Amino acid sequence: MITNTELEHKGNLYPTALLSYEHDQGKINFITNNGVRLEITVLRDNMLRFRYATTGIFSNDFSYAIDPNQPHGFSQLKVEEEETHVLIHTEKFICKVAKDDLRLGMYELDGTVILEDELGFHWEESFHFGGNFVKMSKSSQDQENFFGLGDKPTNFNLKGKRISNWNTDQYAFGKDTAELYKTVPFYIGLHSNIAYGVFFDNTFKTHFDFCHERRNVTSFWADGGEMNYYFIYGPQMADVVTTYTDLTGKPELPPMWALGFHQCKWSYYPESKVKEITAKFRELQFPCDAIYLDIDYMEGFRCFTWNKEFFPDPKRMVAELEADGFKTVAIIDPGIKIDLNYDVFKEALENDYFCRRADGPYMRGKVWPGECYFPDFTNPEVRDWWKDLYRELIGDIGVKGVWNDMNEPAVMEVPGKTFPFDVRHDYDGNPCSHRKAHNIYGMQMARATYEGVKKYNFPKRPFIITRANYSGGQRYTSTWTGDNVATWEHLWLANVQIQRLCISGMSFAGTDIGGFAEQPSGELYTRWVQMGVFHPFCRVHSSGDHGEQEPWFFGDEVLGITKKFVELRYQLLPYLYTAFYRYIQEGIPFLKPLVYFDQNDVQTHHRSDEFIVGNHILVCPIQEPNVQGRRVYIPKGTWYNYWTKKPVVGGKEMFVEAPLETMPLFIKEGAVIPNYPIQQFVDELDFEEMTLHVYYKLGKETSEFFEDSHDGYEYRQGQFSMRSFKVTGKEDEIIVQQHKSGKYSASYTNFKIKFHGIPFRIKRVFFENEDINPEELQFDVDEQTMIVDKDFSELHIVG
Ligand code: MIG
């Protein structure tokens with residue numbers, strides 16, 4: 001082992017022995033002989049926060065990431081001193097602090113190691129900027145694996161990787177590009193069936209090393225700021241992820257149309273082009289809910305303006321699109337064109353809202369509009385002003401969603417592609433340089449946008465999508481993974497990135513389906529749509545300069561197949577919306593990587609191809625050209641092949657056929673999957689009945705189905721319904737019980753129940769405990785369907 005003295009020669013400094021500590025209501029403060037302070041805060045039974053101050057003085061405690069409304073409180077706490085350690089016992093785990101050097105260890109109640117400091121906290125003074133490089137190293141356990149970190153385009157399992165966070169506009173990024181658009185300094189460790197999490201809440205450039213430099217060491221450090229991190233104990237990965245998401249916050253429910261299919265391109269203009277595209281969707285009966293306007297809708301790329309030649313009457317156009325079932329989403333960038341005849345610029349200048357360099361000049365940089373200044377979104381007054389800029393776009397013109405781009409922030413033709421370090425920011429009253437504000441600039445822009453769209457779209461719900469973000473930004477906005485490329489490798493990356501975002505608190509995420517740069521073949525496009533319809537956010541986007549990317553561009557075969565998959569998404573909307581509800585309520589990821597689904601099965605630890613949407617649908621995207629199928633690892637349990645309806649027993653790999661028109665999909669046995677009829681857009685049809693697909697299981701399984709009015713805020717006053725379905729299967733029986741809570745009642749009256757996999761011939765039917773003639777429920781033997789009142793409580797079928 002390297003000793004502390006040896007490392008000091010390399011410029012690292014360490015805490016020395018403990019001088020004293022005190023405990024006051026969940027805060028335990030330690031001070032060492034060399035003046036280092038450690039403050040441990042007990043936030044939950046399964047979460048502690050650690051802050052270190054090297055000079056004995058903490059800076060103002062302020063974080064953009066932490067949700068001010070996060071629930072906290074713990075049920076038990078005992079602090080006791082032993083000869084060598086101070087012990088902190090919560091109800092769930094123990095933290096030990098070593099008296100001779102402040103090194104930490106986390107243990108389960110039976111003493112099993114969860115996470116131990118290797119060198120622990122150390123630091124190196126930063127001569128150029130002042131302050132310190134703050135560092136932490138932890139020992140990693142045998143067979144330990146690592147997950148998380150937001151949008152990183154690398155292997156899903158992070159072991160062996162070194163990664164840094166510095167939001168960057170990475171056009172056509174590749175596998176292992178270290179720095180992308182987002183910063184989510186949160187990871188999950190997993191060993192011995194124990195999962196835990198570390199959230200390093202530091203907005204400076206941060207670095208993570210997962211056994212890359214040294215085989216048994218994991219470390220994280222930042223170029224400035226405080227060593228300030230949260231430790232979250234599982235032991236289930238689900239506990240870690242939901243606790244992290246509680247800490248950094250959950251979004252509100254999006255309008256259901258935001259979960260529909262969206263079509264985008266850089267750029268659809270003029271108005272006639274937009275209309276040509278939307279008309280084609282309707283003509284081909286290809287479902288679509290939203291159409292996007294990229295930067296060319298503006299007058300010379302000036303935000304909050306319209307090019308009147310291309311869009312003479314935006315309000316009329318937006319209303320006409322809306323009447324045809326299309327919501328309009330418009331892009332807004334941060335760069336404001338330097339132009340004294342431009343109101344937005346003038347106002348910001350007069351009010352001193354633009355970012356300045358250290359010595360006073362404005363931060364000037366080139367983006368699409370040419371030379372620009374940039375609002376300081378870390379100033380609450382600037383955010384308020386920005387919010388009100390949406391009055392016309394949203395309140396008057398009727399645009400329904402806003403797309404924030406270039407907010408890393410991106411600057412063209414300069415080294416580093418962003419602001420220089422010396423640029424000043426308000427940071428909500430904690431003035432700092434760009435080194436500290438860079439990684440949250442985009443998040444604060446999206447936050448101000450969210451507030452504006454919410455205000456002017458009220459009482460309807462806002463929809464925001466951003467490219468750059470930081471932990472906690474999920475409270476305000478959805479996101480996409482930026483400028484990917486139309487290659488098979490990027491399809492693979494897209495699959496990994498969305499799963500990673502989902503377990504990093506940011507479930508509302510999608511990729512540019514088909515690839516942004518370059519042009520996909522029809523086959524690649526088809527495979528990407530097949531996967532994309534199961535991602536939380538589902539949008540086709542492309543740079544437009546490499547040819548067309550609308551679904552009809554690739555010929556009839558591709559059109560037919562992609563249409564079938566988009567229709568499937570529309571049928572599954574009630575199921576997807578329910579998964580989303582679980583995300584906003586409990587922080588449960590919309591889709592679950594296999595390791596999240598079954599962490600005790602080591603077979604899942606290195607797999608990243610397949611994922612589970614909601615609780616019951618297993619999706620196995622095809623990621624190679626010219627294949628007729630693929631090997632799939634089916635997780636433990638019994639699953640039905642969605643296409644053949646044949647059950648398979650999991651816990652093993654198998655070859656599954658998937659010619660171009662299909663993709664392997666499996667439904668967990670016992671599941672009840674609600675389906676809407678196919679619609680061209682959300683709420684197009686007033687239907688009388690919807691379908692519940694019931695998959696037989698020998699045993700019990702519970703499913704749920706959340707409903708509300710699909711927009712507006714009545715759901716917060718109890719205007720929603722949560723139906724839970726319990727399926728109990730026996731050798732010659734199946735019972736479906738429904739329990740409903742909540743006040744909302746949708747307008748349809750019946751469920752068509754469609755059974756799958758029933759291993760017996762249906763002879764008798766008991767409905768609400770009465771022996772009835774199956775004909776009363778319009779029983780169809782061939783289809784295995786029955787029609788029941790939507791509020792039924794029990795259907796009991798006997799063979
Ligand atoms: O410098 O607005 O990632 O989605 O179409 C390119 C034009 C700026 C980058 C975004 C992309 C968008 C494009 N933007």
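Source: prediction; values computed, not measured. For the numbers below, each heavy atom of this structure counts, side chains included, while hydrogens, waters and symmetry mates do not. We count ligands from 1, going down the list as the structure has it; atoms in each ligand are counted the same way.
Exactly one residue among His425, Arg357, His438 makes a side-chain contact (heavy atoms from CB on, under 4.5 Å) with Phe419. That residue is His425. Just one residue in the list Phe310, Trp403, Trp306, Tyr269 forms a ring pair (Phe, Tyr, Trp, His ring centres under 6.0 Å) with Tyr297, and that residue is Trp306. Across Tyr450, Tyr470, Phe377, a single residue satisfies ring pair (Phe, Tyr, Trp, His ring centres under 6.0 Å) together with Tyr476, and that is Tyr450.
Remark: the Lys182 side chain and the Asn439 side chain contain no N/O donor-acceptor pair separated by less than 3.5 Å. When only modelled atom types and interatomic distance are considered, Glu347 and Asn351 share no side-chain donor-acceptor pair under 3.5 Å.
Atoms of ligand 1 found under 4.0 Å from any heavy atom of Ile331 (numbered from 1 in listed order, with element): 2 (O). Close approach to Trp480 involves these atoms of ligand 1, each under 4.0 Å from a residue heavy atom: 3 (O), 4 (O), 10 (C). Below 4.0 Å from some heavy atom of Asp294 lie the following atoms of ligand 1, by number and element: 2 (O), 5 (O), 7 (C), 12 (C). When each atom of ligand 1 is checked for a heavy atom of Met406 under 4.0 Å away, the hits are 1 (O), 8 (C). Close contacts of ligand 1 with Asp483, meaning ligand atoms under 4.0 Å from a residue heavy atom, involve 3 (O), 4 (O), 9 (C), 10 (C), 11 (C). Of all atoms in ligand 1, listed by their number and element, those nearer than 4.0 Å to a heavy atom of His541 are 4 (O), 5 (O), 11 (C), 12 (C). For ligand 1, the atoms sitting less than 4.0 Å from at least one non-hydrogen atom of Arg467 are 3 (O), 9 (C), 10 (C), numbered in the order shown with element in parentheses. Contact atoms of ligand 1 toward Ile295: 2 (O) (distance under 4.0 Å to a heavy atom of the residue).
Proximity annotation for atom 6 (C) of ligand 1: of Trp368, Trp403, Tyr181, Tyr171, Trp368 comes nearest, heavy atoms only.
Regarding atom 9 (C) of ligand 1, its nearest protein heavy-atom neighbour is Asp405 OD2, 3.0 Å.
Within a 6.0 Å sphere centred on NZ of Lys455, heavy atoms belonging to other residues, nucleotides or ligands number more than 12.
Of the N or O atoms in Asp512, none lie within a sub-3.5 Å distance of an N or O in ligand 1.
Taking a cutoff of 4.0 Å between a charged side-chain nitrogen and a carboxylate oxygen, Lys152 and Glu179 do not qualify as a salt bridge.
Taking CD1 of Ile336 as the start and SG of Cys372 as the end, the distance is 7.0 Å to the nearest 0.5 Å.
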